[in-house]
2 protein chains.
Amino acid sequence: MTNEERVGGKKLDIVKRAYDRFYDGGFHATGVDTVLADSGISKRTLYKHFPTKENLIEAVLHHYAAGVVQNLFAPVRAKGGDARAQIEAFFDLRAAMIDAQPARGCLGIKAAQEYAGRHAGIAAWGERAAREVESQFVRLCEEVGVAHPADLGRQINIVFQGTVVLAQALGDSSPFVQAKQAVATLLDAAGTSRQA
Amino acid sequence: MTNEERVGGKKLDIVKRAYDRFYDGGFHATGVDTVLADSGISKRTLYKHFPTKENLIEAVLHHYAAGVVQNLFAPVRAKGGDARAQIEAFFDLRAAMIDAQPARGCLGIKAAQEYAGRHAGIAAWGERAAREVESQFVRLCEEVGVAHPADLGRQINIVFQGTVVLAQALGDSSPFVQAKQAVATLLDAAGTSRQA
DNA sequence: GAGGCCGTAAACAGATCGGTTTACCCGGAT
DNA sequence: ATCCGGGTAAACCGATCTGTTTACGGCCTC
């Protein structure tokens with residue numbers, strides 16, 4: 001193990017821990033002591049890697065965008081099938097995940113909500129995450145072969161974001177069943193045929 | 001002016017001020033001193049009316065739910081027209097409002113995001129606000145006369161919530177154009193005829 | 001086995017938080 | 001004129017926040 005890897009490993013460990021704590025407790029409401037509690041990592045080490053809390057938050061959001069958001073569709077892509085089936089399976093998957101673990105919303109959006117007008121660098125991650133998801137929906141719509149994949153992809157992204165926020169606010173996965181219906185309707189209207 | 005009204009007036013003044021400050025700055029990030037700054041109201045008076053900050057926040061959310069959310073559809077209802085036109089006009093109206101003033105999202109949802117798992121009474125207002133808007137969409141769908149107004153109303157609410165959150169994260173009203181398209185498609189599929 | 005080095009634990013500093021208290025002022029009833 | 005209740009402004013309190021520093025401990029090299 002090289003020194004670089006060891007440092008990166010510890011840095012990554014901090015980021016993962018902070019990721020969970022911030023996700024569950026919010027950014028402002030969660031102090032750095034809470035992030036480090038029972039971790040065996042000292043504050044000094046944290047501040048060696050991340051000179052400010054905001055810096056840590058940005059690293060967490062980078063981790064979220066590059067790791068979680070980028071791989072959102074990996075499970076349904078792995079299962080294969082045509083693009084439309086993947087879109088619908090995606091909503092089923094998210095519903096199942098929420099049934100297993102309470103919804104926490106989108107971390108990027110939460111960051112944007114807390115830091116809009118206060119820290120532009122952090123707030124920007126909300127837009128980045130949203131656009132990343134949107135582009136993946138657009139790509140799938142292109143594969144489906146609809147007339148205007150950009151428009152449809154953005155519409156589906158709107159439905160997805162609304163579903164995520166409602167699933168969290170309502171505390172259950174029920175919005176996903178209406179969302180799947182709505183997405184199916186939108187895909188139908190775009191001229192695709194529904195498959196069994 | 002009765003004593004009750006005077007007290008209520010000052011109490012309402014505090015709530016309105018807190019409403020704006022919390023909306024712009026977030027709940028945890030905005031201190032009570034910030035709420036009172038340049039208001040000519042002392043902290044003592046605030047704590048006479050609201051024994052804790054959380055109590056104030058709940059009053060703000062009550063004000064939001066009873067005032068803002070309940071009247072969301074008042075402008076389009078006042079203009080009249082059939083129910084479908086009102087739904088579509090609603091999205092146009094929201095887009096125009098966001099063009100005039102940056103989107104701030106839904107205060108109830110923000111509260112739920114910040115206080116989920118931390119203060120149930122506050123977090124519950126997110127669900128309340130969401131269900132209130134949903135019920136208004138459902139009512140309009142009933143007026144439209146679709147087969148399953150409850151399902152369609154919930155679908156449209158999902159689209160609306162997603163649009164609100166994206167408009168804030170992206171910083172412009174562009175999501176509303178796709179949202180209006182999506183809603184029109186959903187209404188079309190539900191068997192209504194589009195009017196000019 | 002001695003000497004650095006990296007890290008933890010914990011004390012510490014300064015600012016800010018929610019919330020309380022004190023001191024003072026002003027308008028209205030007597 | 002006087003008293004009194006309700007209000008502001010501001011000092012104050014303990015807790016908590018971000019961030020720094022001190023003290024100590026184990027590991028690696030020589």
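Each chain gets a letter, A, B and so on, in the order its sequence line appears, and its residues count up from 1.
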salt_bridge(B:K53, B:E58) N-O dist < 4.0 Å: no
Look at the side chain of A:R128 and the backbone N and O of A:A65, then say whether any donor-acceptor pair between them is shorter than 3.5 Å. no
Heavy-atom closest pair (A:A83 atom, A:E143 atom, distance to 0.1 Å) is CB-CB, 3.5 Å
With distance as the sole test, does B:T52 use its side chain to make a donor-acceptor pair with the main-chain N or O of B:N55 at under 3.5 Å? yes
Rounded to the nearest Å, what distance is computed from the NE2 atom of residue A:H119 to the P atom of nucleotide D:dT18? 14 Å
Give the rounded distance in Å between these two atoms: CZ of B:F22 and C1' of C:dC17. 12 Å
Residue pair B:H119 / B:E54, side-chain donor-acceptor N/O under 3.5 Å: no
Taken to the nearest whole Å, CD1/A:I14 to C1'/C:dC6 is 14 Å
Listed in order of residue number, which residues of residues 24-31 of chain A have a non-hydrogen atom at under 4.0 Å from DNA chain D? A:T30, A:G31
Counting only heavy atoms and a strict 4.0 angstrom limit, can you tell me which residues of residues 40-47 of chain A come near DNA chain D? A:K43, A:R44, A:Y47
Nearest heavy-atom approach of B:A37 to B:R17 is O-NH1, 4.3 Å
To the nearest Å, give me how far apart CG (B:N55) and C1' (C:dG19) are. 13 Å
I need the CG-C1' distance between B:D33 and D:dA11, as an integer number of Å. 13 Å
When the distance from NZ of A:K11 to P of C:dG7 is rounded to whole Å, what number comes out? 13 Å
Where the side chain of B:Y23 meets the backbone of B:G105, is there a donor-acceptor pair that is under 3.5 Å apart? yes
SB check A:D20 A:R104 (cutoff 4.0 Å): yes
Can you tell me how far C1' of C:dT20 sits from CG of B:L36, to the nearest Å? 14 Å
Whole-Å distance, B:D38 CG to D:dT8 C1', equals 14 Å
So, is the end of the B:K11 side chain (NZ or CZ) under 6.0 Å from the ring centre of B:F50 and within 45° of the ring's axis? yes
Between the opening five pairs and the closing five pairs of the helix from C:dG1-D:dC30 to C:dT30-D:dA1, how far apart are the helix axes, to 10°? 10°
Qualifying residue for side chain to side chain contact (heavy atoms under 4.5 Å, CB included) with B:R21, from B:L36, B:T30, B:V32, B:V60: B:T30
Taking A:A179's backbone N and O only, do any of them form a donor-acceptor pair with B:Q155's side chain (distance below 3.5 Å, no angle check)? no
Does C:dT21 have OP1 or OP2 sitting under 4.0 Å from an N or O in the side chain of B:K48? no
